[in-house]
**Student:** 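Quick one: this structure, given as structure tokens, is what I'll be asking you about.
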Amino acid sequence: MKIMLWGINHKTAPVEIRERLAIASDALPEVTRQLLQAPGMQECMVLSTCNRVEFVTLHEEQEPDLLEFLQAHFAVDADTLHPHMYTYREREAVQHLFRVAASLDSMVVGEPQILGQVKESFAVAQSVGAVRASLDKLLRMALVVAKKIRTETQIGSSSVSIASTAVELAKRIFGSLEGRQVLLVGAGKMSELAARHLLQNGAAPILVANRTFERAVNLAQRYGGHPIRFEELYAHADKADIIITSTGSSEPIFRREQAQKMLHKRRGRPIFFVDIAVPRDVDPSVNRLDGVFLYDIDDLQSVAATHLATRGREAEKAERIIQQEVDRFQLSLRTLDVVPAIVEMQKSFENTRQSETRRMQAKLQSLTPEQKTAVEALTRGLMNKYLHQTVHALKAAAREGDAATIKNICDIFDVDTGAMPPVRSQVVPELAVAVAAAPEDAFSVDLLGDDFAGSVPVTVGEYFLDAPLVRREKGD
């Protein structure tokens, strides 16, 4: 299967384009299911945030027509989307996914929210059956790499989030936030982060409005604010100097007529809107009113850029880690390609061992059960010892992309390579073990690593995908 990642983000598309593709959290499972039905699609995950909409896919040889999928499901024509879209394949796709999860591709480099969003999208894709072995391993590796970067660099050391950047912008407008009344519309994670930063900078009191009133109450209580019912939003909005919106509404919450009424009640005192929602919560025409200052998610980029200089060195460290992990993952794919040959080779050796054991069975009748067990262990151990160097050579050839050596080894051992995938360098998870046939539908599992560790019996068809292998008994 082939890996492809395609989408738009804050670097390639303005917010008015991104909001047309934005997917609400409750719609994400259905969109993922529909994408999985696209011709040639094998596995997929959809990531939709305020700054990006991306699709991670595994497909057959022929690429699915993803622009057609977008046209059908989002009513956006290809000519509008095409200039803003990017497509990465194989190694580049994996590298981009790792960078996204590690927040190296974020508007605010180092912000922690994106990792949680990737995890949530991963969970949704799993729940609808869109993620199986290959994509599962790739996505788990992305999470591991992101955590490693958080641990080994200081990229997340200073104030970084869309919410904190919004508060910083408000400080630039007002000079000080001391005593400024704030209205948070939406009680999600972004609003909670904004509330925390606002209080740290002296803003008070804080009003919280949310469609689910209980969530507004909970957030307000945690930060000493006052909850208001969503249906009473416009009755209280004029009290706020700063309004930060981050809802999942598909339509604007504040339109020009509401803003005009608010200005009239405030007797000309200005209102500062920070709209960090995608789709936008505030109609852009509001910004044309005298006394209204509106900043959307794209306007925050100028503030976010000031963080980049102080994070440059840590970002360079993170990029080096990304490259190392992508290289490692690429080697894993190459090793995976020869697993079918190793499985067949082990099966052939095991069949021969069993045949010879049965042929000598009459001469072994006088042995005690303990002695028979010792003979079994001896013959199995000898087989594995003889196979070890061959397996090692196959893996080495796979890592180097040496198809000729792989074919020669397979020919020597009469292994059919017709069902093997071509030796390649794409990035897919490593298979840490091979499986060989054994009597009574049991299997013998052997490490494929450089340090041979023998074999253990397991149930038929069981594969261990994570190294190091832990010894397990049959049926575990």
**Student:** Run the side-chain contact (heavy atoms from CB on, under 4.5 Å) check on F122 and L47 step by step: do they pass?
**Tutor:** CA-CA 8 Å; F122 184 10; L47 175 65; over 6 Å; no
**Student:** Identify the heavy atoms of A130 and L135 that sit nearest to each other, and give their distance.
**Tutor:** O-CD2, 4.3 Å
**Student:** Which pairs with one or both residues in residues 92-102 pass salt bridge (charged side-chain N to carboxylate O under 4.0 Å, His left out), sequence neighbours excluded?
**Tutor:**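 Residue pairs passing salt bridge (charged side-chain N to carboxylate O under 4.0 Å, His left out), neighbours aside: R99-D105, R99-E319.
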**Student:** Hey, does I242 have a side-chain heavy atom less than 4.5 Å from the side chain of L177?
**Tutor:**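 L177 vs I242: side chains touch.
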**Student:** I want to know whether F273 and Y295 have ring centres closer than 6.0 Å.
**Tutor:** no
**Student:** Please answer whether the main-chain N or O of D281 pairs with a side-chain N or O of T245 as donor and acceptor at a distance below 3.5 Å.
**Tutor:** no
**Student:** Start with the C-alpha distance between R328 and E325, add both sets of side-chain angles, then the distance that settles salt bridge (charged side-chain N to carboxylate O under 4.0 Å, His left out), and finish with yes or no.
**Tutor:** CA-CA 5 Å; R328 212 181 85 181; E325 295 299 328; 3.8 Å; yes
**Student:** Which heavy atom of G188 sits nearest a heavy atom of R215, and at what distance?
**Tutor:**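 Minimum heavy-atom separation between G188 and R215: CA-NH2, 3.7 Å.
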**Student:** Counting only heavy atoms from other residues, nucleotides and ligands, does the tally under 6.0 Å from NZ of K11 exceed 12?
**Tutor:** yes
**Student:** Considering residues, nucleotides and ligands other than Q62, do more than 12 of their heavy atoms fall under 6.0 Å from its CD?
**Tutor:** no
**Student:** We want to know whether S103 and E111 form a side-chain donor-acceptor pair, criterion being a heavy-atom distance below 3.5 angstrom.
**Tutor:**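 No.
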**Student:** Between T57 and C44, which heavy-atom pair has the shortest distance, and what is it?
**Tutor:** CG2-CB, 4.1 Å
**Student:** Any side-chain heavy atom of E63 sitting closer than 4.5 Å to one from M4?
**Tutor:**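 With C-beta onward as the side chain, the pair touches.
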**Student:** Is there a donor-acceptor pair under 3.5 Å between the side chain of R18 and the backbone N or O of A13?
**Tutor:** yes
**Student:** Rounded to the nearest 0.5 Å, how far does CG of L199 lie from OH of Y223?
**Tutor:** 8.0 Å
**Student:** Heavy-atom count check: over 12 atoms from other residues, nucleotides or ligands less than 6.0 Å from E68 CD?
**Tutor:** no
**Student:** Check for a donor-acceptor pair, side chain of R132 on one end and backbone N or O of G129 on the other, with a separation under 3.5 Å.
**Tutor:** yes
**Student:** Work out which heavy atom in L233 is nearest to a heavy atom in A209; give both atom names and the distance.
**Tutor:**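 So the minimum-distance heavy-atom pair works out to CD1-CB, 3.9 Å.
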**Student:** Any sub-3.5 Å donor-acceptor pair from T12's side-chain atoms to N9's backbone N or O?
**Tutor:**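 Side chain of T12 to backbone of N9, a donor-acceptor pair under 3.5 Å: yes, one is there.
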**Student:** Report the distance from atom CG of L35 to atom OG1 of T32, rounding to the nearest 0.5 Å.
**Tutor:**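 These two atoms lie 7.0 Å from each other.
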**Student:** Is the backbone of Q221 close enough, under 3.5 Å, to the side chain of N218 for a donor and an acceptor to pair up by distance?
**Tutor:** no
**Student:** For the residue pair Q34 and E30, confirm or rule out a side-chain donor-acceptor distance under 3.5 Å.
**Tutor:**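 Looking only at side-chain atoms, E30 and Q34 do form a donor-acceptor pair, the distance falling under 3.5 Å.
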**Student:** Given R91 and D327, is the salt bridge (charged side-chain N to carboxylate O under 4.0 Å, His left out) satisfied, shown in steps?
**Tutor:** CA-CA 9 Å; R91 179 189 175 91; D327 288 343; 2.6 Å; yes
**Student:** Is the shortest side-chain heavy-atom distance between R89 and I3 below 4.5 Å?
**Tutor:**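 Answer no - side chains too far apart.
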**Student:** Short question: side chain of T247, backbone of S249 - any donor-acceptor pair under 3.5 Å?
**Tutor:** yes
**Student:** In the structure I gave you, are the side-chain heavy atoms of N210 and L219 within less than 4.5 Å of one another anywhere?
**Tutor:** no
**Student:** Could you tell me whether a side-chain N or O of D77 sits under 3.5 Å from a main-chain N or O of T80, the two making a donor and an acceptor?
**Tutor:**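 At least one qualifying donor-acceptor pair exists.
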**Student:** Grab the two heavy atoms, one from L66 and one from M41, that are nearest each other, plus how far apart they are.
**Tutor:**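 Heavy atoms only, the tightest pair is CD2-CE, 3.9 Å.
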**Student:** Do M45 and Q126 have side chains that approach each other closer than 4.5 Å (heavy atoms only, starting at C-beta)?
**Tutor:**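 Heavy-atom side-chain distance check fails, nothing below 4.5 Å.
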**Student:** Hey, what do you get for CG (D298) to CZ (R280), rounding to the nearest 0.5 Å?
**Tutor:**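 Output value for this atom pair is 8.0 Å.
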**Student:** Working note: E350 + K347, criterion salt bridge (charged side-chain N to carboxylate O under 4.0 Å, His left out); need CA distance, chi angles, decisive distance, verdict.
**Tutor:** CA-CA 5 Å; E350 177 64 16; K347 180 179 179 180; over 6 Å; no
**Student:** Could you name each residue pair satisfying ring pair (Phe, Tyr, Trp, His ring centres under 6.0 Å) that touches residues 6-51, not counting sequence neighbours?
**Tutor:**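 For residues 6-51, and leaving out neighbouring residues, the ring pair (Phe, Tyr, Trp, His ring centres under 6.0 Å) pairs sorted by first residue read W6-F55.
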**Student:** Would you say the side-chain atoms of S285 and D283 include a donor-acceptor pair closer than 3.5 Å?
**Tutor:**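 Yes - a donor-acceptor pair under 3.5 Å links their side chains.
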**Student:** Using the side-chain contact (heavy atoms from CB on, under 4.5 Å) definition, which of the options L139, V124, L138, L58 pairs with V131?
**Tutor:**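 Among L139, V124, L138, L58, the one meeting side-chain contact (heavy atoms from CB on, under 4.5 Å) with V131 is L139.
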**Student:** Looking at I149 and A318, what are the two nearest heavy atoms and their distance?
**Tutor:**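 In this case the closest contact between I149 and A318 is CG2-CB, 3.6 Å.
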**Student:** Less than 4.5 Å apart, any side-chain heavy atom of V185 and any of I244?
**Tutor:**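 They are not in side-chain contact.
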**Student:** Would you say that more than 12 heavy atoms from the other residues, nucleotides or ligands in this model lie under 6.0 Å from the CZ of R222, or not?
**Tutor:**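 Yes - once you tally the heavy atoms of other residues, nucleotides and ligands closer than 6.0 Å, there are more than 12.
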**Student:** Answer yes or no: is there a donor N or O on one side and an acceptor on the other, between the side chain of N201 and the main chain of L198, under 3.5 Å?
**Tutor:** no
**Student:** Can you tell if the side chain of L97 reaches within under 4.5 Å of the side chain of E54, non-hydrogen atoms only?
**Tutor:**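 Of all side-chain heavy-atom pairs linking E54 with L97, none is under 4.5 Å.
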**Student:** Is it true that a side-chain atom of N287 and a backbone atom of L294 form a donor plus acceptor pair closer than 3.5 Å?
**Tutor:**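 Answer holds: yes.
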**Student:** Could you give the distance from CD (E120) to CD (Q113), rounded to the nearest 0.5 Å?
**Tutor:**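 The CD atom of Q113 is 11.0 Å from CD of E120, to the nearest 0.5 Å.
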**Student:** How far does NE2 of H96 sit from OH of Y88, to the nearest 0.5 angstrom?
**Tutor:** 5.5 Å
**Student:** Apply side-chain contact (heavy atoms from CB on, under 4.5 Å) to R33 and L36, showing your working.
**Tutor:** CA-CA 5 Å; R33 285 192 198 94; L36 189 61; 5.7 Å; no
**Student:** For the residue pair E43 / H59, report whether a side-chain donor-acceptor contact shorter than 3.5 Å exists.
**Tutor:** no
**Student:** Rounded to the nearest 0.5 Å, what separates atom CD in Q95 from atom CZ in F329?
**Tutor:** 13.5 Å
